[in-house]
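What follows is one structure encoded as structure tokens, with my remarks underneath.
Atoms within a ligand are numbered from 1 in the order they appear, just like the ligands themselves.
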Amino acid sequence: MPRKIAAGNWKMNGVQSTLAELRTLEDKHGDADIAILICPPFTLISACEDTPFDIGGQDCHPEDAGAHTGDISAEMLADAGASYVLVGHSERRTDHGETDALVATKAQAAYDAGLIAVICIGETLDEREGGNTLDVIDAQLEGSVPATADALNTVIAYEPVWAIGTGKVPTTQQIAEVHSHIRTRLSDRFADGAAFSLLYGGSVKGSNAADIFAVPHVNGALVGGASLTAQDFSPIIAALEEA
Ligand code: 13P
């Protein structure tokens, strides 16, 4: 069975005082039997070590070390206390021109450092309106997910670019279509494809979480804005616990 994961991607948000939100979450969900993953900015990873939550980086460099000013390696994330790392987020693909091939090398670097890679994929609005969503998903899965992936080292997050930070959410039918397509493709390619956790991301809120978690093959969410406060993230976690 895929593991249920409520993941928060804080993006470029969060300073020491933000960690108070995690204490509040811990009071409510400290003994949850689903995985709760927090991906804070790199500066807060070590400070999260005393929480009961899984901690992840938001990106890593494909190499272990070297002359790459401003970058961070998977090994460094693991050393700081992370057990996951996001790779291929659409903001990295757009802001930093990351290609599927680069994302695959980052995922491999994550595996080599003992981290679980959360590989993000998703179509733009133009691609959806052009009727190309499933082709884009196929190309991203093929190009970004290494042959060495398995259900223990990899989570796939489907995040339609047009739903991120916009308040626009696909219909549950649209999410169902893509998630079941991803499941089929993973099962075609990997012996344990049925066991990969598949997350939906893009404008998930307390008010829509239960409907999204009821969609087949949705095993959790990757949440941006609504993961920044305990007040907003807690109902999403609660909905996943009940799903
Ligand atoms: P929002 O939840 O703010 O739409 O962001 C989604 C996301 O990009 C998570 O990685």
Side-chain angles (χ1 to χ4, degrees), residues 4-14 18 21-22 25 35-42 44-45 48 53-60 77 82-96 98 103 106-107 110 115-125 127-128 133 136-137 140-141 144-145 154-172 174-175 178-179 182 197-213 215 218-240:
K4 287 189 195 177
I5 305 172
N9 173 11
W10 286 8
K11 308 191 179 184
M12 198 172 71
N13 299 288
T18 317
E21 299 296 331
L22 295 184
L25 270 189
I36 298 173
L37 168 63
I38 306 292
C39 300
F42 299 137
L44 294 180
I45 288 178
C48 289
F53 307 125
D54 292 326
I55 302 301
Q58 297 176 13
D59 179 48
C60 67
L77 294 172
S83 49
Y84 287 75
V85 61
L86 309 181
V87 293
H89 191 281
S90 70
E91 287 151 16
R92 300 289 315 176
R93 292 177 186 262
T94 304
D95 294 356
H96 300 271
E98 295 195 0
V103 174
K106 290 182 173 202
L115 298 180
I116 298 170
V118 179
I119 302 176
C120 305
I121 59 174
E123 82 285 2
T124 63
L125 189 57
E127 290 163 344
R128 175 157 287 273
T133 298
V136 169
I137 295 299
Q140 290 179 334
L141 280 176
S144 305
V145 181
T154 301
V155 172
I156 305 293
Y158 167 56
E159 299 203 298
V161 178
W162 52 275
I164 294 176
T166 59
K168 291 187 194 140
V169 184
T171 63
T172 49
Q174 287 173 319
I175 298 173
V178 176
H179 273 247
I182 294 170
S197 292
L198 308 186
L199 311 184
Y200 167 78
S203 297
V204 177
K205 309 260 180 285
S207 54
N208 59 23
D211 288 345
I212 292 170
F213 296 146
V215 174
V218 172
N219 310 116
L222 180 54
V223 184
S227 72
L228 293 173
T229 64
Q231 187 181 357
D232 289 339
F233 200 27
S234 176
I236 297 171
I237 295 170
L240 187 61

> How far is atom 7 (C) of ligand 1 from its nearest protein heavy atom, and which residue and atom name does that atom have?
Replying inline: Glu159 OE2, 3.0 Å

> In Å, rounded to the nearest 0.5 Å, how long is the span from NZ of Lys106 to CG of Asp59?
Replying inline: 3.5 Å

>> Does Ile156 form a side-chain contact (heavy atoms from CB on, under 4.5 Å) with Leu141? I'd like the steps, not just the answer.
In response: CA-CA 9 Å; Ile156 305 293; Leu141 280 176; 4.3 Å; yes

> To the nearest 0.1 Å, how far is atom 5 (O) of ligand 1 from its closest protein heavy atom, and which atom is that?
Replying inline: Lys11 NZ, 3.3 Å

>> When you compare ligand 1 with Gly224, is there at least one nitrogen or oxygen pair between them that comes in under 3.5 angstrom?
In response: yes

>> For the CH2 atom of Trp10 and the CD1 atom of Ile38, what is their distance to the nearest 0.5 Å?
In response: 6.0 Å

> If you measure from each heavy atom of Ser203 to ligand 1, is any distance below 4.0 Å?
Replying inline: yes

> Any idea which atoms of ligand 1 are less than 4.0 Å away from a heavy-atom of Leu222?
Replying inline: 9 (C), 10 (O)

>> Please evaluate residues Glu21 and Thr18 with respect to the criterion side chain to side chain donor-acceptor pair (under 3.5 Å), reporting the C-alpha separation (whole Å), side-chain torsions for both, the decisive distance (0.1 Å), and the verdict.
In response: CA-CA 6 Å; Glu21 299 296 331; Thr18 317; over 6 Å; no

>> Can you confirm whether Glu91 sits close enough to Met12 that some side-chain heavy atom of one is under 4.5 Å from a side-chain heavy atom of the other?
In response: no

>> I'd like to check which ligand 1 atoms, numbered from 1 as shown, lie under 4.0 Å from a non-hydrogen atom of Gly202.
In response: 4 (O), 6 (C)

>> Tell me whether Glu91 has any N or O atom under 3.5 angstrom from an N or O of ligand 1.
In response: no

>> Looking only at distances, can you tell me whether any N or O atom of Val223, backbone or side chain, sits closer than 3.5 Å to an N or O atom of ligand 1?
In response: no

> Is the shortest distance from a heavy atom of Ala226 to ligand 1 less than 4.0 Å?
Replying inline: no

>> Counting only heavy atoms closer than 4.0 Å, does ligand 1 sit against the backbone of Ala163, its side chain, both, or neither?
In response: backbone

> In ligand 1, which numbered atoms sit nearer than 4.0 Å to a non-hydrogen atom of Asn9?
Replying inline: 9 (C), 10 (O)

>> Counting non-hydrogen protein atoms only, what is the nearest one to atom 3 (O) of ligand 1? Give residue, atom name and distance.
In response: Gly225 N, 2.8 Å

> For the atom pair OG (Ser207) and CG (Asp232), what is the distance rounded to the nearest 0.5 Å?
Replying inline: 9.5 Å

>> Classify the ring geometry of Tyr200 against His179: parallel below 30°, tilted from 30° to 60°, perpendicular beyond 60°.
In response: tilted

> Nearest 0.5 Å, what's the CZ-CD distance between Arg92 and Gln58?
Replying inline: 9.0 Å

> Taking distance alone, with no angle check, do Thr166 and ligand 1 share an N/O pair under 3.5 Å?
Replying inline: no

> Considering only heavy atoms, does Ile164 approach ligand 1 within less than 4.0 Å through its side chain, its backbone, both, or neither?
Replying inline: both

> At what distance, to the nearest 0.5 angstrom, does CG of Asp54 lie from OH of Tyr84?
Replying inline: 5.0 Å

